[in-house]
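Each chain gets a letter, A, B and so on, in the order its sequence line appears, and its residues count up from 1.
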Amino acid sequence: MSLENQRPTIEELEDKARVLRRHIIEMTTEAGSGHPTSSLSATEVVTAIYFGGFLNYNSAEPDWAERDRFIMSKGHAVPALYAAMAEAGYFPVEDLSTLRKLGSPLEGHPNVRRLAGIEASTGSLGQGLSIGLGQALGCRIDGHDSRVFVVMGDGEMGEGQVWEAIATAHKYQVGSLTAIVDQNGYQQTGATSDVLDLTPFAPKIESFGWHVQTINGNNMSEVVAALETAVGITDRPTAIVAETQKGFGILPVLEEAGDMNFHGQALSAEVAEKALAHLG
Amino acid sequence: MAIGDKSGLSPGGATRDAFGKALETLGERFPEVVVVDGDVGNSTRTEAFAKAFPDRAFNVGIAEANMVSIAGGLASCGKTPVVASFAAFLLCNAYDQIRMSVTFPAQNVKLVGSHSGISIGEDGPSQMGIEDVALACSLPGMTVIVPCDEISTAKATEEILQREGPVYLRLGRPAVPRIYEDDSEFVIGRANQLRDGDDLTIIANGLMVAVALDAAAELSEQGISARVLDMHTVKPIDEPAVAAAARETQAIVVAEEHSANGGLGSAVAIAVSRTTPVPIAYVNTGDCYAESGDPDGLLEKYGLTSGRIVEAARSVKAN
């Protein structure tokens, strides 16, 4: 299947990102909890991977062995993934309203045993890249050229295991692995630069032998171009440092609400209404 | 006197050696098996497999967390990863990775911890896995196996490769007496009765099985008839065998090379209290860390001897 030929226009992808953002806000406000702003920062990346022709998947056959893999290592941003999966046909869009409710497979963090199409159970930060590396190695043994995309948070980069995985991916020259660092600048208690500043990420990751690009991760053209470059590289692992804004898409609404981090809380019905109106 | 002498056992090799040989031999028959090593393959004996099947072996360096999560990823692609390290480093260092990358997603990963217990000797307490069985048993869906000799280890290795789901296989460093014959039966979750008796039952696993047989021989000289069960599978424990022992012998001694809490003793106590409450005595390393020293001296000092089992047996019968 030639995915490149099906690539939508940037404008079409931006429209899709807007749809995903509406889902993220609606489902988390309905749930009354969750991490909408952490999901919104990663929305362009998730949208481009799922709908920009970069991820080879079949939602009717989620376990298809030769599929590409997507791992949301920053598991708290799973609303962005659920929104994409619903739009991709893994389950009905109406099910998004069951997020975090008893009996729903749309758990607060991704759970492979509950929802087909989830590739890794995450939520304890720092493990997704290692799991993705294992999947890339497994696909290589089987002779599949499946690509594995792993989205991590910039706060998550504080986990030492991430750097173990970065070193090991270089050792095995895993050219099918692409890591995206959603550098939204905030973590639970405040600015990542205050908590544990690991920036700049690019030279650090590069020094492990990876190919690294740094882009504006909320600019769809830049995200698509970076993914095009990444999937074209097959002799070494690739990383995209996506400089983003937490809550991108509804920033004026968050500013008015007086909290630019808004970590780990749903928008009130009133703020959500404003956010949806702002998105248009 | 060496372990096994009193009960007339012949000497054998180390369980880690038997595992390494079995894994290499089984590699051809189980093409989905891959090895993930944290740079201790020459200690855990996965080295032989890695030499025979270099494309199916990954030495990821001294990084246990990464090692375990990589195995989880490989398993999600249909592989059967065997992850081997020292018991202490595997279970203690990578506990959350085992939780999140193996047991929570129910991945088919086989964890193998060598150098368990205090019998590793001179390297000292930092290298001694004495909490590993408790940690492994605490994880939902984990099967936990502690074989006692080379033959049962080889059989256990074959069995776990055919069993779907997470498994922890615990191995030791020193040579241990031979308990089984080549045609002996090994079924995961089913205890093996090695000696029958009416007065009490000694339930043991790992190195302590041979010690228990020695104790049973001593007790016999004192007119006490002891049943001996090899409880190689701690989880799921063979509850019918435990219940039958409690009902038929009315007293139990549990012997294991592990700390006092959360290991075989705890598993037996739960099974006994659920079925047929009878007095139980415990022989283990207690609630402490050991020290460096020669293995035999350590087993003596920290109470893992047939004499201690005999004492425990007499005390539990007196109750």
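- In the model, A:E119 has no side-chain atom that pairs as donor or acceptor with a side-chain atom of B:S76 under 3.5 Å.
- Proximity to chain B is absent for every atom of A:R114, based on heavy atoms less than 4.5 angstrom apart.
- In this structure, A:E164 CD and B:Q97 CD are separated by 8.0 Å, a value rounded to the nearest 0.5 Å.
- Of all heavy-atom pairs spanning A:D142 and B:K79, the tightest one is OD1-NZ, 2.5 Å.
- B:V36 does not touch chain A: none of its heavy atoms, backbone or side chain, sits under 4.5 Å away.
- With rounding to the nearest 0.5 Å, the separation of OG1 in A:T168 from CD1 in B:I70 is 5.0 Å.
- At a 4.5 Å heavy-atom cutoff, A:A120 makes no contact with chain B through either its backbone or its side chain.
- The nearest pair of heavy atoms linking B:R99 to A:S124 is NH2-CB, 4.1 Å.
- Both the backbone and the side chain of B:D96 come within contact range of chain A, each with at least one heavy atom under 4.5 Å from a heavy atom of that chain.
- In this structure, CG in B:N66 is found 10.0 Å from CD1 in A:I166, a value given to the nearest 0.5 Å.
- Nearest heavy atoms, B:S69 versus A:Q161: OG-NE2, 2.8 Å.
- Distance check, rounded to the nearest 0.5 Å: SG of A:C139 to CG of B:L74 gives 9.5 Å.
- Interface check for chain B: of the options A:K171, A:Q127, A:H144, A:Q135, the most heavy-atom pairs under 4.5 Å are formed by A:Q127.
- The CD1 atom of A:I141 sits 12.5 Å away from the CZ atom of B:F53 when rounded to the nearest 0.5 Å.
- For A:T122, the part sitting under 4.5 Å from any heavy atom of chain B is the backbone (N, CA, C, O) and nothing else.
- The neighbour count for B:D39 CG, taken as heavy atoms of other residues, nucleotides or ligands under 6.0 Å away, is above 12.
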